[in-house]
Amino acid sequence: MQAMVNGIIILLPNVVLALIVFASFFFVARAIKKIVRNLTRNRRQARNLGMVLGRLAQGTTILVGLFIALTIVIPSLKASDLVQLLGISGVAIGFAFRDILQNFLAGILILLTEPFQIDDQIVFKDFEGTVENIETRATTIRTYDGRRIVIPNSELFTNSVTVNTAFENRRLECDIGIGYGDDIDEARRLILEAIYETDGVLKTPTPDAILVELAGSSVNIRARWWVQPPRRADVLDLQDRVLTNIKNKLTANGIDLPFPTQQILFHDQTEATDGDRTGQREGWPAGKGQVPQPRSISRSLNRLAELKVQGNGSGRTKPAPPAEE
């Protein structure tokens, strides 16, 4: 015990010196990271690269300080022994923290390749919001309703991500239904006129209105226009104004905006052509061909009443006259 205490007392100055050296390297590493980030803070394209370089420089500096501190505490420890120890430890750590290392490498690749940047608005699976921070482990986004989502970098790197603010301009579109009796060219002209009259809509690329569908109760025209900038708040504001102008313009000029309707046709399935697909009607006139005449419901009811009376043997009861069709 006395020998152990004496050994600790002898190593105490080395331990203190090692702690001072390691602390110095730690603060130097933080200063290097801050300097690198400050150099790229005003350059949006190099901001993510500055974050990567700053973190790598910080980690390398701290690792060098740790090696130097260990050699001060244990003078017999050689650099080759440290490298060998680091290699064995790296394999063990790799198996134990595989997911963490996977996220770390994915974060480095995201920061280097820059598929999206800080302040970009992205859509990932069911999440949509503004990128707040890109770290080496996870990416943080702020949703439009004020929530924070932390997404592991490995998922972002291996899955599809929609970047809404990747380009300066963004196209919006909306389907507008008009009545079948309305003039399509006139409705198209009014829609384009309403779009051009809305402040904030880009004149180039030019807006357009194309016919996309003959729906069950309406003729659908797709209005498309471009906006700048493509951020969500501006997009929603312009979309509100454009659609309001289109609706007011169409209704003011007598263009119908029909509600969804459904027509139900009743027939008694007693025609001679029932079951014949070449001659059976589907509820509408058969054009110029021979149209079979259906039996009316009122006449069928009267016929049933006659049969009932005859079945009861009451010949004195006369059937009711057929109702007018």
Side-chain angles (χ1 to χ4, degrees), residues 44 114-132 139-149 151 156 159-264 284:
R44 187 174 186 271
E114 293 186 338
F116 53 85
Q117 300 174 351
I118 295 177
D119 294 334
D120 273 334
Q121 294 183 344
I122 65 173
V123 180
F124 175 72
K125 294 184 178 179
D126 296 331
F127 307 114
E128 181 176 359
T130 304
V131 178
E132 283 189 329
T139 295
T140 304
I141 66 173
R142 179 184 176 88
T143 61
Y144 302 129
D145 55 357
R147 295 180 294 172
R148 175 175 295 171
I149 307 296
I151 305 174
L156 284 173
N159 292 279
S160 300
V161 179
T162 303
V163 184
N164 290 331
T165 54
F167 305 102
E168 294 183 356
N169 301 337
R170 181 178 173 184
R171 191 183 71 183
L172 304 179
E173 61 182 36
C174 182
D175 291 348
I176 301 164
I178 65 173
Y180 271 90
D182 295 320
D183 190 310
I184 296 177
D185 293 333
E186 177 66 13
R188 198 196 319 261
R189 184 188 66 81
L190 293 172
I191 291 173
L192 291 176
E193 184 178 319
I195 294 176
Y196 278 111
E197 292 177 355
T198 305
D199 294 333
V201 175
L202 297 179
K203 301 302 185 292
T204 303
T206 58
D208 58 4
I210 58 175
L211 183 66
V212 293
E213 184 182 10
L214 299 177
S217 57
S218 64
V219 177
N220 292 337
I221 298 177
R222 180 166 298 168
R224 304 187 298 183
W225 65 95
W226 292 81
V227 298
Q228 181 187 23
R231 304 192 71 83
R232 181 176 175 85
D234 305 294
V235 166
L236 291 178
D237 179 63
L238 278 172
Q239 180 173 287
D240 172 74
R241 286 186 282 158
V242 167
L243 294 182
T244 300
N245 290 344
I246 290 176
K247 193 269 180 185
N248 293 336
K249 180 75 68 173
L250 292 179
T251 54
N253 288 270
I255 300 296
D256 187 21
L257 299 176
F259 295 101
T261 58
Q262 186 176 15
Q263 185 174 10
I264 301 176
W284 296 98

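Numbers here are sequence positions counted from 1.
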Within a strict 4.5 Å, meaning less than it, do heavy atoms of the [X] and [Y] side chains meet?
X	Y	answer
F259	S217	no
L214	Y180	yes
V219	D182	no
T139	F116	yes
Q239	V227	no
E186	L190	yes
W226	T204	no

Is there a donor-acceptor pair closer than 3.5 Å between any side-chain N or O of [X] and the backbone N or O of [Y]?
X	Y	answer
D175	N220	no
R241	D199	yes
T206	K203	no
R188	A209	yes
Q121	R232	yes

> Is there a side-chain contact (heavy atoms from CB on, under 4.5 Å) between N169 and R171 once you walk through the steps?
Replying inline: CA-CA 7 Å; N169 301 337; R171 191 183 71 183; over 6 Å; no
Do you know which two heavy atoms are closest between [X] and [Y], and how far apart they sit?
X	Y	value
D183	I178	O-CD1, 4.5 Å
F124	S160	CD1-O, 3.8 Å
V201	P207	CG1-CG, 4.2 Å
G179	P258	N-CD, 3.7 Å

>> Would V131 and Q117 count as a side-chain contact (heavy atoms from CB on, under 4.5 Å) here? Give the steps.
In response: CA-CA 7 Å; V131 178; Q117 300 174 351; over 6 Å; no
> Would R189 and D185 satisfy salt bridge (charged side-chain N to carboxylate O under 4.0 Å, His left out), going step by step from the backbone distance to the final call?
Replying inline: CA-CA 6 Å; R189 184 188 66 81; D185 293 333; over 6 Å; no
>> W225 and side chain to side chain contact (heavy atoms under 4.5 Å, CB included): which single residue from L202, I195, D208 fits?
In response: I195
>> Using the side chain to side chain contact (heavy atoms under 4.5 Å, CB included) definition, which of the options T251, N253, I246 pairs with K249?
In response: N253
>> Run the side-chain contact (heavy atoms from CB on, under 4.5 Å) test on I176 and L250 for me, step by step, so that the C-alpha distance in whole Å, both residues' side-chain angles and the decisive distance to 0.1 Å come before the verdict.
In response: CA-CA 10 Å; I176 301 164; L250 292 179; 3.9 Å; yes
To the closest 0.5 Å, what do you measure between [atom1] ([X]) and [atom2] ([Y])?
X	Y	atom1	atom2	value
I149	T130	CD1	OG1	12.0 Å
E213	R222	CD	CZ	8.5 Å
I122	E128	CD1	CD	9.5 Å
I141	I151	CD1	CD1	4.0 Å
N245	E197	CG	CD	7.0 Å
T198	E193	OG1	CD	10.5 Å

> Should we say atom CZ of R142 is surrounded by more than 12 heavy atoms from elsewhere, each under 6.0 Å from it?
Replying inline: no
>> Would L156 and V161 count as a side-chain contact (heavy atoms from CB on, under 4.5 Å) here? Give the steps.
In response: CA-CA 7 Å; L156 284 173; V161 179; 3.9 Å; yes
